[in-house]
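One-based numbering along the sequence shown.
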Amino acid sequence: MSLLARLTASGDPAGDEIALSVDDVSKTFRVHQERANSLKQFVATGGRNRYEEFYALRDVSLRVRVGEALGIIGHNGSGKSTLLKCMAQILRPNAGSITVNKRMAALLELGAGFHPELSGRDNVFLNAAILGMARREIEARFDEIVEFSGLEQFIDSPVKTYSSGMYVRLAFAVAINVDPELLLIDEILAVGDVTFQQRCMEKFVDLRNQNRTLVLVTHDTGNVRHFCDRAIWIDHGRVRAEGKPGDVIDEYTETMLGTGRRAEGEPARRGSGEIWVDRVEILVDGEPVDRVRNGSTVTFRLHFDTSKPIEGPVFALRLQTLGGPMVTAPSSRDNGAMPAMVTGRGTVDVVVDDLPLLAGPHVVHTEVTGWGRMHTYDHLQEAARFDVLAGTTDETSGVVTLRPRWDVAGDSVVDLRDL
Ligand SMILES: Nc1ncnc2c1ncn2[C@@H]1O[C@H](COP(=O)(O)OP(=O)(O)OP(=O)(O)O)[C@@H](O)[C@H]1O
Ligand SMILES: [Mg+2]
């Protein structure tokens, strides 16, 4: 917190010079029709129109000023990652233009830019080269990069064997060390552990002190409030609000809590579709429920189907508080469940003992990816909703309980319970 405080105290260092500008950008995707209705739709459309065009971004214009930290917020699927990918020039907009005036590095979705079969070492060279560093420079910085990542032991293993956190550490270490003037970051730091997040924060402070520019996409509105000079709210692919972080976040939070739901008709599913999650059931004592108690044993049952045999699929869950932060995003790979091949229909049970979530509405999203987590077979947004009810803790602040034990010591401490 002290780092954040120092940052905020430094005031708004941004000048008028423009680091990056986005002008009237639109981006469309072709989206899959819902599988669950495929037969009905197939008949209704005579087998045509299995895709439709969908606007992920529509007429977006914004400026990023040199020296500012800009926070981008918005609901899941609102277009934030798409916007960052357009800024990073990984995606080409269908209309409009993007002008980048500074040396840029981007930390986008997990593993983006990494080659799964190559070692960490080779990926460092590949990535740094893509970010515009000469081989000699990379060699000179290599040790520093590896040290920052903390992956000395694993640097010669193929990155497909890395956990999500390890991916991020390496990607961040590279991005930071190419000495970017403009750094784009999409969410991903949340997968790093606490020490790593702390080191990233320190790096952000360094960058800010050097008048570097940061664009940060995150669901952690607290971070945006404390860290950013300005915030932009993206809503259904458009800029909905822009201004002081506190104001934008308040407006966003009120709207999210008020409606709490994506607009009808928005695609809930994306991916290449050879394997897909039909639905998610939430079970307690073997019975489907939509309410669970803190402290109970809960099973999230993913029902999947396939159109062909799938090798080494990775299943992932994202648990989110409704309209709020992501709480956890375990994957079968990180947790050591590694089916070599699946075919036909089946189920995946994710069993959580002693549910640590605090009371409130929650949503579950699911994802099925390839082993390297880079190919998305299926991403189902809001696969299920459920309410957590108060249970074995009296805590109400935050999103989880860590079930802490407390001990108050002193010369004459008398416990209330002993009176
Ligand atoms: N490659 C793609 N093909 C088809 N649709 C896509 C693709 N990438 C994104 N989309 C769709 O575009 C919309 C915006 O997605 P995007 O990933 O930009 O959202 P986001 O704001 O980053 O969401 P989140 O908060 O969940 O990260 C979503 O509806 C998504 O399904
Ligand atoms: Mg995103």
Glu53 atom CD, over 12 foreign heavy atoms within 6.0 Å: yes

Tyr55, OH atom: more than 12 neighbouring heavy atoms under 6.0 Å: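 Counting neighbours around OH of Tyr55, 12 or fewer heavy atoms of other residues, nucleotides or ligands fall under 6.0 Å, so no.
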
So, do [X] and [Y] sit near enough that their side-chain heavy atoms are less than 4.5 Å apart?
X	Y	answer
Leu83	Leu62	yes
Arg169	Arg199	yes
Asp250	Arg225	yes
His115	Asn123	yes
Glu181	Met104	no
Val178	Asn127	no
His219	Lys80	yes
Arg318	Met326	yes

Qualifying salt bridge (Lys or Arg N to Asp or Glu O under 4.0 Å) pairs, either residue in [range], two or more places apart:
range	value
residues 235-247	Arg230-Glu242, Asp235-Arg240
residues 392-412	Asp354-Arg403
residues 146-167	Glu117-Lys160, Arg121-Asp156
residues 290-308	Arg301-Asp349, Asp305-Arg345

Salt-bridge criterion met for Arg103 and Asp179 (N-O under 4.0 Å):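 Salt bridge between Arg103 and Asp179, a charged N being under 4.0 Å from a carboxylate O: yes.
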
Taking all non-hydrogen atoms of both residues, which atom of [X] and which atom of [Y] are closest, and how far apart?
X	Y	answer
Val277	Leu380	O-CD2, 3.5 Å
Gly273	Ser307	O-OG, 4.3 Å
Val400	Leu357	CG1-CD2, 4.0 Å
Val342	Pro313	CG2-CG, 3.8 Å
Asp229	Pro245	O-CD, 3.5 Å
Val363	Arg385	CG1-CG, 3.5 Å

Ring-face cation contact, Phe114 with Arg373, 6.0 Å cut, 45° max: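 No, cation not above the ring by the 6.0 Å, 45° rule.
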
Let me confirm one number: the [atom1]-[atom2] distance from [X] to [Y], rounded to the nearest 0.5 Å.
X	Y	atom1	atom2	value
Thr82	Phe29	OG1	CZ	4.0 Å
Asn177	Phe142	CG	CZ	11.0 Å
Phe196	Ser149	CZ	OG	8.0 Å
Trp371	Thr161	CH2	OG1	9.0 Å
Tyr252	Ile232	OH	CD1	14.5 Å

Val388, Asp387, Val352 screened by side chain to side chain contact (heavy atoms under 4.5 Å, CB included) with Val292, the one that passes: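 It is Val388; the other options fail the test.
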
Identified side chain to side chain contact (heavy atoms under 4.5 Å, CB included) counterpart of Cys86 within the set Val60, Val22, Ile98: Ile98

From CA spacing to verdict: side chain to side chain contact (heavy atoms under 4.5 Å, CB included), Val280, Leu302: CA-CA 5 Å; Val280 172; Leu302 282 55; 4.2 Å; yes

Residue list, salt bridge (charged side-chain N to carboxylate O under 4.0 Å, His left out) with Glu311, at least two apart or on another chain: none

For Asp122, salt bridge (charged side-chain N to carboxylate O under 4.0 Å, His left out) partners two or more places apart: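 Applying salt bridge (charged side-chain N to carboxylate O under 4.0 Å, His left out) to Asp122 gives none.
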
Donor + acceptor pair across side chains of Glu367, Thr369 (<3.5 Å):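 Absent: no donor and acceptor within the cut-off.
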
Exercise: do Asn294 and Thr393 side chains pair donor with acceptor under 3.5 Å: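 No donor-acceptor contact under 3.5 Å links the two side chains.
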
Candidate pair Trp233 and Thr255, rule side chain to side chain contact (heavy atoms under 4.5 Å, CB included), full reasoning: CA-CA 11 Å; Trp233 168 16; Thr255 311; 3.5 Å; yes

Residue pair Leu319, Phe300: steps toward the side chain to side chain contact (heavy atoms under 4.5 Å, CB included) verdict: CA-CA 11 Å; Leu319 287 186; Phe300 296 91; 4.1 Å; yes

Full working for side chain to side chain contact (heavy atoms under 4.5 Å, CB included) between Leu184 and Leu182: CA-CA 7 Å; Leu184 313 179; Leu182 167 61; 4.2 Å; yes

